[in-house]
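In what follows, a structure is listed as structure tokens, so that the remarks can point back to it.
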Amino acid sequence: MTPPTRVPAPRAIRDLRLVLGFTVCLATLAASPAGATGRDFIDETSIAEGMRQGETGIELGADGRVDIQDQLQGWFAGATEYGITQRWLAETVVKGLSRGRGLEFAGWNLETRYVAVSQEQFPVAVAGALEWEVESSAAKHLLYERVLIPRLIMTRVFSGTLLTTGNAGLAWEIEPLHRTGFAWALGARWPDRRPVALGAEVTREPLERATRITPQLHFNMGEASIRLGGSFGVHPRPYHFIARIVVERELEL
């Protein structure tokens, strides 16, 4: 007897179509002139580098996430960043998600970063960052989750082509629970600032007790930046796998 063919759930099909459609929009956007940094790693591991003073950038991202129930979720993010000075930048992010019930508001982030020491001044570039993250009830909890994350960023480029960076900080959850944990991330990319570069990062999220490993590709087209990657977890909470695309470009004002 031939076993019955397994048909994907309609919700998973709708989520997949939404992710793929948004990915096409990102690829179209990348064909436009761009000048924003696009230097951070795809799973949010940061580097100690600023922007040009007065530069404004826009970043769009799309995720396909497989959760611990093997359900596909579509996540989307839009970010705007601004170079206050050459060393000091600010960024805001708005996130949405789809689980087959249409697009829902998932939360927002605010971040500021200041480069205290550049590699021209010291063997390692050093920056401090502060992030305020809010996730809605649609994202994870019955209540809003609020997390404050101060962190230290140290970056060095070896021989002009091997970029390495490390992040260390404290994740402080204020709501709905009161808890803290040590968060860290490591990243490497080679050859840096070339048209195509290979990279990898390891990130630790203490509140989720999850460690993610993310191999990735970075495309630098001079006036555009595209990052592609996939994350899998050592402790798969809350997602078994995350596929992500991020496009960054200058915002024409």
Side-chain angles (χ1 to χ4, degrees), residues 26 29-30 34-52 55-63 75-84 86-95 108-116 118-119 124-133 149-157 162-169 171 183-194 196-205 212-221 224-231 242-251:
L26 293 181
L29 176 66
T37 55
R39 298 269 291 149
D40 289 343
F41 286 75
I42 198 168
D43 198 24
E44 301 179 2
T45 301
S46 301
I47 67 169
E49 185 173 297
M51 301 173 64
R52 296 189 303 271
E55 180 183 5
T56 302
I58 185 171
E59 181 179 284
L60 297 176
D63 292 4
W75 282 69
F76 311 95
T80 301
E81 56 189 5
Y82 180 74
I84 301 170
Q86 289 186 346
R87 293 178 177 267
W88 184 19
L89 65 86
E91 182 178 28
T92 180
V93 182
V94 177
K95 295 177 287 187
W108 53 272
N109 294 31
L110 292 176
E111 181 179 351
T112 184
R113 187 185 316 175
Y114 184 81
V115 181
S118 67
Q119 193 171 328
V124 178
V126 180
L130 184 65
E131 181 179 359
W132 174 247
E133 179 180 357
I149 310 173
R151 66 180 182 272
L152 179 69
I153 305 166
M154 302 181 70
T155 303
R156 179 175 172 82
V157 180
L162 176 60
L163 171 69
T164 60
T165 191
N167 299 183
W184 57 266
L186 298 172
R189 185 164 60 227
W190 180 90
D192 188 39
R193 297 186 183 276
R194 298 300 192 270
V196 180
L198 297 173
E201 62 186 306
V202 181
T203 57
R204 173 65 179 178
E205 291 191 358
R212 292 195 300 269
I213 302 170
T214 310
Q216 56 203 259
L217 281 172
H218 185 106
F219 297 94
N220 181 7
M221 298 172 287
S225 171
I226 301 177
R227 285 163 279 170
L228 299 169
S231 299
I242 301 174
R244 178 172 296 167
I245 178 173
V246 177
V247 174
E248 188 164 348
R249 57 155 289 178
E250 182 181 353
L251 180 64

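Residues I242 and W75 are not in side-chain contact: their nearest non-hydrogen atoms beyond the backbone lie 4.5 Å or more apart. With a 4.5 Å cut-off on side-chain heavy atoms, Y82 and L89 do not count as touching. I47 places a side-chain heavy atom less than 4.5 Å from the side chain of L163. V126 places a side-chain heavy atom less than 4.5 Å from the side chain of L152. E133 has its side chain within reach of I149: a pair of non-hydrogen atoms, C-beta onward, lies under 4.5 Å apart.
At distances below 3.5 Å, not a single donor-acceptor pair connects side-chain atoms of T214 with backbone N or O atoms of S231. The closest donor-acceptor contact from the side chain of N109 to the backbone of W132 lies at 3.5 Å or more, if one exists at all. At distances below 3.5 Å, at least one donor-acceptor pair connects side-chain atoms of T164 with backbone N or O atoms of R156. Not one N or O on the side chain of S46 forms a donor-acceptor pair closer than 3.5 Å with the backbone of I153. The backbone N or O of M154 sits less than 3.5 Å from a side-chain atom of T165, completing a donor-acceptor pair.
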Practice task
Kindly indicate, with the supporting measurements, whether the criterion side chain to side chain contact (heavy atoms under 4.5 Å, CB included) is fulfilled by R189 and H218.
Solution key: CA-CA 8 Å; R189 185 164 60 227; H218 185 106; 3.7 Å; yes

Exercise for the section: Apply the test salt bridge (Lys or Arg N to Asp or Glu O under 4.0 Å) to residues R204 and E44: give CA-CA distance (whole Å), side-chain angles for both, the deciding distance (0.1 Å), then the verdict. Expected result: CA-CA 11 Å; R204 173 65 179 178; E44 301 179 2; over 6 Å; no

Practice task
Would you check, one step at a time, whether the test side chain to side chain contact (heavy atoms under 4.5 Å, CB included) holds for V157 with L162?
Solution key: CA-CA 5 Å; V157 180; L162 176 60; 5.9 Å; no

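Counted within 6.0 Å of CH2 on W88, heavy atoms from surrounding residues, nucleotides or ligands total 12 or fewer; the atom is thus considered open.
Among I42, D40, D43, the single residue meeting the side-chain contact (heavy atoms from CB on, under 4.5 Å) criterion with V246 is I42. In summary, of the residues considered (R249, R227, R39), a salt bridge (charged side-chain N to carboxylate O under 4.0 Å, His left out) with E59 occurs for R227 alone.
Under the salt bridge (Lys or Arg N to Asp or Glu O under 4.0 Å) criterion, E111 pairs with R113, R151, sequence neighbours left out. Evaluation of the salt bridge (Lys or Arg N to Asp or Glu O under 4.0 Å) rule for E205 yields R212 as partners, not counting sequence neighbours. Under the salt bridge (Lys or Arg N to Asp or Glu O under 4.0 Å) criterion, E201 pairs with no residue at all, not counting sequence neighbours.
Between A116 and R87, the shortest heavy-atom contact is O-NH1, 3.2 Å. For the pair W108 and K95, the tightest heavy-atom approach, listed with the atom from each and the gap, is N-CE, 4.2 Å. The heavy-atom pair separating L217 from L198 by the smallest distance is CD2-CD2, 3.1 Å. The minimum heavy-atom distance between A48 and T155, with the atom names listed, is N-OG1, 2.9 Å. Smallest separation of non-hydrogen atoms from A62 and F76: CB-CD2, 4.0 Å. Looking at every heavy atom in both residues, P191 comes nearest to V196 through CD-O, 3.7 Å.
How far OG1 of T203 is from CG of N167: 10.0 Å, rounded to the nearest 0.5 Å. Rounded to the nearest 0.5 angstrom, L228 CG and F219 CZ are separated by 5.5 Å.
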